[in-house]
Amino acid sequence: EEVISFPTFITKAYAHLKDFRNRVQPVFLSKESEIILIELKKDRYNMGGSAMLEAYDQTGNSVPDIDGESVKAIFSFIQSLIKSEKIISGAPKTQGGLFVTISKLAMANDIGVRIEDISTGIDFFFNEEIGIVLQVNRYDTKDIISQAESLGLRAILLGSTNISYNKEISYFENKENKSISLESLRQYFSTTSNTIKKHLGINQIVLDNQSFVKQNYKLTFNPDDKD
């Protein structure tokens with residue numbers, strides 16, 4: 001298949017797996033589904049050290065904090081969902097925040113997204129507190145939210161994906177429905193990436209903002225074959 005991706009690949013950690021084929025990919029897949037946010041319960045969202053504040057040349061006063069038991073709870077819960085194959089796709093929101101995470105998940109496979117009017121402020125969409133965005137089947141949504149809440153976690157239905165959407169992210173701002181195309185988002189990401197490279201003095205070929213990295217991968221085996 002042809003893979004469209006940004007020219008970065010970073011391995012952060014390794015872990016032993018019983019079966020690597022039972023995995024969750026950080027890319028929305030082509031099916032009608034719903035999007036859920038699972039996160040730790042907080043009285044407020046701490047924005048300190050976030051990409052959002054950094055973009056405005058600020059550092060903030062309060063940074064995200066965690067406690068061990070809550071992290072164990074959310075990790076164990078996600079693992080149970082993976083084992084029971086309840087998650088279609090997903091990714092943590094700790095690098096850029098919720099809107100950035102949804103954008104990356106959507107852009108990777110050109111899947112349109114509708115975010116419902118959940119009446120929250122900018123801190124909700126751009127904080128980098130512990131949390132994970134999940135793409136799930138509609139008939140599993142209610143049960144997953146119920147399980148998360150029983151464990152003391154916060155679960156929020158964010159919206160839905162649909163291949164019939166116009167390759168855009170639809171959202172609400174001050175009760176007004178707005179949207180941004182995935183193509184525009186790619187341009188923003190690409191421009192920012194190139195600007196950072198220039199500031200860091202990285203001696204690489206800077207891609208034109210209109211182009212993408214296209215690579216063809218041909219595997220000699222089926223990674224999803226569980227026989």
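Just so you know, these numbers use all the heavy atoms, side chains as well, and skip hydrogens, waters and symmetry mates.
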message: Is there a side-chain contact between Leu40 and Glu129 in this structure, where contact means two heavy atoms from C-beta onward sitting under 4.5 Å apart?
response: no
task: Find out if a path of hydrophobic residues (ILVMFWY) with successive side-chain heavy-atom gaps under 4.5 Å connects Leu37 to Ile82.
output: no
task: Check whether any side-chain heavy atom of Glu39 sits under 4.5 Å from a side-chain heavy atom of Lys93, and report yes or no.
output: yes
field: Modelled atom types, side-chain donor and acceptor of Glu168 and Ser181, under 3.5 Å
entry: no
field: Atom pair CZ (Phe172) and NZ (Lys178), whose distance is rounded to the nearest 0.5 Å
entry: 12.0 Å
field: Gln187 backbone acceptor or donor facing Thr191 side chain under 3.5 Å
entry: yes
- request: Keeping the roles fixed (side chain from Asp140, backbone from Val136), state whether a donor-acceptor pair exists under 3.5 Å.
  value: no
field: Lys104 NZ to Leu185 CG distance, which is reported to the nearest 0.5 Å
entry: 12.0 Å
query: Quick one: are Val100 and Gln95 in side-chain contact, heavy atoms under 4.5 Å?
result: no
message: Check this for me: does any side-chain nitrogen of one of Lys72 and Asp67 sit under 4.0 Å from a carboxylate oxygen of the other?
response: no
- prompt: Can you find a heavy atom in the side chain of Ile144 that is under 4.5 Å from one in the side chain of Ile36?
  reply: yes
- prompt: Do Thr141 and Glu34 have a side chain donor and acceptor closer than 3.5 Å?
  reply: yes
- prompt: Are the aromatic ring centres of Tyr171 and Phe99 under 6.0 angstrom apart?
  reply: yes
- prompt: Distance from Glu149 atom CD to Ile38 atom CD1, nearest 0.5 Å?
  reply: 8.5 Å
query: What pair of heavy atoms forms the shortest contact from Thr101 to Val133, and how long is it?
result: CG2-CG2, 4.0 Å
query: Between atom CZ of Phe75 and atom OG of Ser80, what is the distance when rounded to the nearest 0.5 Å?
result: 10.5 Å
statement: Asn127 and Tyr45 have their tightest heavy-atom pair at ND2-CD2, 3.3 Å
- prompt: Roughly how far apart are Leu53 CG and Glu128 CD, rounded to 0.5 Å?
  reply: 9.0 Å
- request: Could you state whether Ile122 and Met47 fall into the same hydrophobic cluster, counting links through intermediate Ile, Leu, Val, Met, Phe, Trp or Tyr residues with side-chain heavy atoms under 4.5 angstrom apart?
  value: yes
Any donor-acceptor N/O pair, Ser76 side chain to Ala73 backbone, under 3.5 Å: no
message: I need the minimum non-hydrogen distance between Gln25 and Ser89, along with the two atoms involved.
response: O-CB, 3.1 Å
query: So, does Asn109 use its side chain to make a donor-acceptor pair with the main chain of Phe28 at under 3.5 Å?
result: yes
- prompt: Mind checking whether Ile130 and Ile145 sit in one hydrophobic cluster, side chains of I, L, V, M, F, W, Y counted as touching below 4.5 Å?
  reply: yes
query: When hydrophobic residues are tied together by side-chain contacts of less than 4.5 Å, even through go-betweens, does Ile132 share a cluster with Ile66?
result: yes
field: Given Ile115, Val113, Asn177, the one that forms side chain to side chain contact (heavy atoms under 4.5 Å, CB included) with Ser170
entry: Asn177
message: Do Gln58 and Glu54 pair up side chain to side chain, a donor and an acceptor below 3.5 Å, judged on atom types alone?
response: no
field: Trace of the side chain to side chain donor-acceptor pair (under 3.5 Å) decision for Ser33 with Gln135
entry: CA-CA 7 Å; Ser33 59; Gln135 179 188 16; 2.8 Å; yes
query: Is Ser103 close to Tyr188 at the side-chain level, that is, under 4.5 Å between some pair of heavy atoms?
result: no
task: Supply the atom-to-atom distance Arg114 CZ to Leu158 CG, rounded to the nearest 0.5 angstrom.
output: 13.0 Å
query: Taking the side chain as C-beta and beyond, is there a heavy-atom pair between Ile88 and Leu134 under 4.5 Å?
result: no
task: Grab the two heavy atoms, one from Val24 and one from Gly90, that are nearest each other, plus how far apart they are.
output: CG1-N, 3.3 Å
task: Let me see the working for Leu98 and Phe124 under side-chain contact (heavy atoms from CB on, under 4.5 Å), right down to the final yes or no.
output: CA-CA 7 Å; Leu98 179 60; Phe124 175 76; 3.4 Å; yes
message: Looking at every non-hydrogen atom in both residues, tell me the closest pair between Gly48 and Pro64 and how far apart they are.
response: O-CD, 3.5 Å
- request: Go through the steps to decide whether Ser70 and Lys41 satisfy the test side-chain contact (heavy atoms from CB on, under 4.5 Å), and finish with yes or no.
  value: CA-CA 9 Å; Ser70 295; Lys41 283 189 174 180; over 6 Å; no
Pairwise side-chain contact, Leu81 with Ile87, heavy-atom cut-off 4.5 Å (strictly under): yes
field: Side chain proximity check, Glu183 to Lys167, heavy atoms < 4.5 angstrom
entry: no
field: Hydrophobic cluster membership, Phe189 vs Met52, 4.5 Å side-chain cutoff
entry: yes
task: State, to 0.1 Å, how close Arg44 and Ser62 come at their nearest heavy-atom pair, and which atoms those are.
output: NH2-OG, 2.8 Å
